[in-house]
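Notes follow the structure.
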Amino acid sequence: MLIFNHNFIRNRSCMGKKYQEYKQLDLTAINKEIFKYWEENNIFNQSLSLSKGSPEFIFYEGPPSANGQPGIHHVMARAIKDIFCRYKSMKGFHVARKAGWDTHGLPVELGVEKNLGITKEDIGKKISVDEYNEACKAEVMKYKDMWDNLTKQMGYWVDLDNPYITFKNEYIETLWFLIGELYNKGLLYKGYTIQPFSPAAGTGLSSHELNMPGCYRDVKDTTMVAQFKIKNSEYPNAYFLAWTTTPWTLPSNTALAVGTNIDYVWVNTFNPYSAEPIIVLLGKPLLGSFFSEEAKDLPMEYASGDKVLPYRIIKECKGKDLIGIEYEQLLPWVKPGDGAFRVIGGDFVTTDDGTGIVHIAPTFGADDDRVAKQNGVPPLALIDNEGKRQPMVDRTGKFYKIEDLDANFVKENLNIDLYSLFAGKFVKNAYDANLTEKDMSLDVEIALSLKQEGKAFKIEKQTHNYPHCWRTDKPILYYPLDSWFIRTTALKDRLIELNKTINWKPESTGTGRFGNWLENLVDWNLSRSRYWGTPLPIWRTEDGKEEICISSVEMLRNEIDKSVVKGFMNENKYASNDYNSFDLHRPYIDDVVLVSSKGEKMFRETDLIDVWFDSGAMPFAQVHYPFSCTKEELNKSFPADFIAEGVDQTRGWFFTLHAIATLVFDSVAFRNVVSNGLVLDKNGNKMSKRLGNAINPFEVIEKYGADATRWYMVSNSQPWENLKFDIDGVDEVRRKLFGTLYNTYSFFALYANIDSFAFEEAEVPFNERPEIDRWILSELNSLIEMVDASYNDYEPTKAARAIGNFIDEYLSNWYVRLCRRRFWKGEYSQDKISAYQTLYTCLEVLSQLMAPIAPFFAEKLFLDLNNISNKHKDTNNNPIGSVHFTLLPKANHTLIDKDLEERMQLAQKICSMVLSLRKRNNLKVRQPLQKIMIPASSKEFINQVEKVKELILSEVNIKEIEFLSAQNNVLVKKAKADFKSLGPKYGQKMKAIANALNSFNQEEIALIEKEGKISIDIDDNKIELLLSDVEITTQDIPGWVVMNEGSVTIALDTTITDTLRKEAISRELVNRIQNIRKEQNFDVIDYIIVEIEYNPLLEEAINEYYNYITGETLTKELSLVRKNDIEVYIGQHNTKPISTIDVIEGVELAINIRKV
RNA sequence: AGUCUCGUAGCUCAGUUGGUUAGAGCACUACACUGAUAAUGUAGGGGUCGGCGGUUCAAGUCCGCCCGAGACUACCA
């Protein structure tokens, strides 16, 4: 019996540390282990201190509000931020990352009110403002711990220990400084805007409050079409028709708006109520809503009460022809001043409903106000007895009483006879405690009054959608309210100019959404009538003639001192330098009364500042500029290199950052910005608690780990596109990406430990490494280049996909698959070392490339490798503590060989085609075959294939490749037009040429191949085609099994000779023995003894391939015996052999395998 | 209503300056492979590229209109 001596166990002396091996992949466990490691070793802080002194990469954290729970979309947003900060850190930058909390604003107030069971009215009554504010401070940090947990668990590195907090006095002081700067530049002013206002609640409402569910309701109101008499018309009795759903605004009308491109008609007809003959003007498309078609031919006779209104169109014109025409005031109660009562153009005018002519009351409509201001039309204003300009309706929702108005104004501008009939009446019955919905409304009264005068063309009840106050359930009014504005429009051009220097991802957000927003910029309304926020630091005398803008605590202190001296205040509560000793919030700040230069009292304007100003000011306020930080110091953290936030922040944080930086510092606030999209559920619906489709981020991270979650989010779609979050996708990432990489590492660790490979040997020179090593290293370096460029371009999705593709397609399914034997066969030779080094390098580089996206797994992989090899050392020569301390490897261009990459792709393609042919012809890969033939169109092609020939042959178990020259006349070829080269040349004749080429016979193809050109007839024209205009492919090789793919054709020799058959049997045998080894849980290095039941065919195979079989299976003794003997053996020993195998078709043979 | 984004296989997504068999993964079915094995390969089915019109020799790709989803802004007389 032959004893095969196998040299598997190496006697290498270095049996030191081992690469860690794992039973299975557990991402959550890795997550937790690395998290603990980071915490215990202060890895984040270390990474910051290690990079100290390096160039700064400036990042701003957009502050979240911790009064709501974090959702899965926050994981998305924070992953984006983290990825680029980690990346830049690995590019050698120092990346400070200060967390922040947005603490002011309405949601906080609402949360507090809900918790305490109070409403705004109760503030100052049931609860002191003081207590209320304390409750706000607590409320706003309600979920801070949860946020901190999520931040840490998902691996977002940000300094949570020293966050900026917007309610701190220092923070507010910087805001005051900025407001002061704006004030001094003349960019702050007081004006009014039309805002939703609830007379019942006596307060303005935000659009947020208006969008709360149930606020918009269908209500039935009296609507009317009023007639506005045209002045100086060629027709005596001509009127504009304008529709309104709020007749109570008609006394405040000061203009009519038309659409410049809308067609209008002048119509001869009658007033339906008075039967007076009139001419009316309205939009042509709306003619049908007032007149029936047949009425245009009826005699021009009409009596009040008749059903059909006869009419004649007398002329048509465009809206722009009407602009400037004056009309008589409809209800001449109040004189508005010059410029009123004429037609203006309005871009919002439609012909969807109404008359195509819009009644404009600038005091009660936002559009109205805007268009009136643009056209110099005055609003209809009253002067109250305090001398202030007011709309006709007071804050309780009623027309002003005459006694509440300025006496002079009444005398000069008010028609007392007309107005007194309506003075003091509420514009909606809901506001008047004495009225019900059944009572006649003011709308009806006005409509009837106009009807009497013959100025109503149509009065009817109509149902329409109208907003209601969510607190009182009563209708809201649009109402002019005092506001402070920042004159952003003054620097509009500069804002646009600076925006062009910002790199937006995606670009369209910057040019489109944000760019358009800037083009249509309006002044920034800063005022909010609330309690919990940054107070507006402006004090005014009661007459508004003197004012002061406080821009620092010190300035406040000094002004209070003056006031104390004057006796307006008893003490200075802001006297101390200790910022913890006072509070700049309401109500304390409201107690401050200052003294004007003329010695009068000045009171604070009660408004708060828009919370967006808080967050937009964070570049300055987070460093308490200029009080704790000089301009030079500020410049180290301003402007930001990078910010990222949801696309919904375009007009929020992105704008306010940009606006404040531009207005105050004439600078951008950020150079690069990624605006990420929404996270939707897997069906594309918005996630909400209400729908119950919200995904709990903690559960996802607990189950799949942060890495898989992050990787899924980043690789699935571009950050700025909406993500349809499907939990199965996370699992797929776990299996496909991390599972594959884990397998690859496990494979490496298994054999590296056996061989004690610790990367101690010098690197095998690149040109001494085999083709396959040079190939994967070439691909690896291409990958480095690609990934680096993608990260640098803020394209994390491209980076993630490229890495994933490399791991799966190149490393696992080609490199490792083809190289397996090199790791477990043979001596510890240069080839083997080369294999180890190559695979090690791939794994290590991958850990670095993926570190920004999958920080935990990458850390684990890196440490597992580096702790053995110590390739990356710290200053004490110990293994470096983290992959996040390393610099991203640079692509080595000398290692990139595009020819090599190309021919390996060719090899993969050929293998895939051969396997496909085998499959189709039912030929197992274990059955060796003699030959494949490949038609070769060029020398280059042959050269390329020759270099990867061995790989192909062993992979598909074939003995040889034969190239067929193009001239070979066995080949059946096919010609096809090259559209790209022929198209531009022949244009319209393309189709005919393509058809002609398709029907080329073998002779014609041979001719063009030989001559390099051919003439054909197309539509009686001779056309000369060049070989380069034609694609020629091999279609068939008669007598062979053939496959085509693109330009490559493969033919397979399917003959199975006796020798091939025997070899197949030996391979089958090896396969069975290996399976049994595994089933019996033998170690990979155990030697065995094999006994198999005798069979003549098997004997032949074994005789011929004895060395091969025993070598592959670590068999010391292989013998064929009588079946009996095996059974006898089994009886004697208590081992558990596998009883039968079927290496030859239809024959089952007994077998016994045991360890030596 | 305006601005912007998106619409490609059952699902998630690629698709170069327009160039002729529209790709990949998942899922499904069948078969294979098995010292990486809860992995992998091969094959198959599955597409009016949202719709209509236009430009062009040629459109998933460019233009216009429409439909659908979403975001933001504004809000309708």
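We name chains A, B, ... by the order of the sequence lines, and we start the count at 1 in each one. Fair warning: this is a prediction, and the values are worked out from it, not measured in the lab.
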[N]: pairing nucleotide in any strand, Watson-Crick or G-U under 3.5 angstrom:
{"N": "B:rC75", "result": "none"}
{"N": "B:rU21", "result": "none"}
{"N": "B:rA36", "result": "none"}
{"N": "B:rC6", "result": "B:rG68"}
{"N": "B:rU16", "result": "none"}
{"N": "B:rA43", "result": "B:rU29"}
{"N": "B:rA58", "result": "none"}
{"N": "B:rU48", "result": "none"}

For [X] versus [Y], what's the shortest heavy-atom pair and its separation?
{"X": "A:Ala659", "Y": "A:Trp524", "answer": "CB-CZ3, 4.2 Å"}
{"X": "A:Thr797", "Y": "A:Pro719", "answer": "OG1-CD, 3.3 Å"}
{"X": "A:Leu256", "Y": "A:Ala242", "answer": "CD2-CB, 3.9 Å"}
{"X": "A:Gly354", "Y": "A:Phe290", "answer": "O-CE1, 3.7 Å"}

Provide, to the nearest angstrom, the distance between the [atom1] atom belonging to [X] and the [atom2] atom belonging to [N].
{"X": "A:Leu521", "N": "B:rU73", "atom1": "CG", "atom2": "P", "value": "14 Å"}
{"X": "A:Asn805", "N": "B:rG15", "atom1": "CG", "atom2": "C1'", "value": "15 Å"}
{"X": "A:Lys909", "N": "B:rA24", "atom1": "NZ", "atom2": "P", "value": "12 Å"}
{"X": "A:Gln927", "N": "B:rC33", "atom1": "CD", "atom2": "C1'", "value": "15 Å"}
{"X": "A:Ile910", "N": "B:rU42", "atom1": "CD1", "atom2": "C1'", "value": "17 Å"}
{"X": "A:Arg1067", "N": "B:rA32", "atom1": "CZ", "atom2": "C1'", "value": "15 Å"}
{"X": "A:Phe747", "N": "B:rU40", "atom1": "CZ", "atom2": "C1'", "value": "14 Å"}
{"X": "A:Tyr815", "N": "B:rG41", "atom1": "OH", "atom2": "P", "value": "19 Å"}

Phosphate contact ([N] OP1 or OP2) by [X] side-chain N/O below 4.0 Å:
{"X": "A:Thr740", "N": "B:rA39", "answer": "no"}
{"X": "A:Lys724", "N": "B:rU12", "answer": "yes"}
{"X": "A:Asn722", "N": "B:rA71", "answer": "no"}
{"X": "A:Arg735", "N": "B:rA27", "answer": "yes"}
{"X": "A:Tyr742", "N": "B:rA39", "answer": "no"}

Taking only the side-chain heavy atoms of [X] (C-beta and beyond), determine which of [options] contains the nearest atom.
{"X": "A:Arg801", "options": "B:rU12, B:rC33, B:rA14", "answer": "B:rA14"}
{"X": "A:Asn813", "options": "B:rG41, B:rG19, B:rA39", "answer": "B:rG41"}
{"X": "A:Phe979", "options": "B:rU20, B:rA38, B:rC13", "answer": "B:rU20"}
{"X": "A:Gln24", "options": "B:rA14, B:rA38, B:rA32", "answer": "B:rA38"}
{"X": "A:Ser508", "options": "B:rA43, B:rU5, B:rC13", "answer": "B:rU5"}
{"X": "A:Lys736", "options": "B:rA14, B:rC26, B:rU42", "answer": "B:rC26"}
{"X": "A:Glu732", "options": "B:rC13, B:rA38, B:rG25", "answer": "B:rG25"}
{"X": "A:Arg817", "options": "B:rA38, B:rA36, B:rU73", "answer": "B:rA36"}
{"X": "A:Ser912", "options": "B:rA36, B:rA14, B:rU42", "answer": "B:rU42"}

- Message: Ignoring hydrogens and geometry beyond distance, is the side chain of A:Ser812 in donor-acceptor contact with the base of B:rA39 at under 3.5 Å?
- Response: no

Could you give the distance separating [M] and [N] at their [atom1] atoms, to the nearest angstrom?
{"N": "B:rG15", "M": "B:rG23", "atom1": "C1'", "value": "7 Å"}
{"N": "B:rA59", "M": "B:rA71", "atom1": "P", "value": "36 Å"}
{"N": "B:rU8", "M": "B:rG70", "atom1": "P", "value": "15 Å"}
{"N": "B:rC11", "M": "B:rA27", "atom1": "C1'", "value": "8 Å"}
{"N": "B:rC6", "M": "B:rA38", "atom1": "P", "value": "42 Å"}
{"N": "B:rA74", "M": "B:rC66", "atom1": "C1'", "value": "24 Å"}
{"N": "B:rG60", "M": "B:rU48", "atom1": "P", "value": "14 Å"}
{"N": "B:rG45", "M": "B:rC52", "atom1": "P", "value": "26 Å"}

- Would you kindly compare A:Ala977 and A:Ser715 by the position of their nearest RNA chain B nucleotide and give the one closer to the 5′ end? A:Ser715

- Item | Pairwise 5' ranking along RNA chain B for A:Leu915 and A:Ser746, keeping only the more 5' one | A:Ser746

Should the pair [X] and [Y] be assigned to parallel (<30°), tilted (30 to 60°) or perpendicular (>60°) ring geometry?
{"X": "A:Tyr745", "Y": "A:Tyr22", "answer": "tilted"}
{"X": "A:Tyr479", "Y": "A:Phe197", "answer": "parallel"}
{"X": "A:Trp504", "Y": "A:Phe514", "answer": "tilted"}

- Message: Under a 4.0 Å threshold between the charged nitrogen and the carboxylate oxygen, would A:Arg817 count as salt-bridged to A:Glu955?
- Response: yes

- Message: Taking any heavy-atom pair under 4.0 Å as a contact, classify A:Val925: base, sugar-phosphate, or nothing.
- Response: nothing

- If you look at every strand shown and take non-hydrogen atoms under 4.0 Å, does A:Asp368 touch a base, only sugar-phosphate, or nothing? nothing

- Message: Just verifying a value: how many Å separate A:Ile459 CD1 and A:Leu450 CG, rounded to the nearest 0.5 Å?
- Response: 7.5 Å

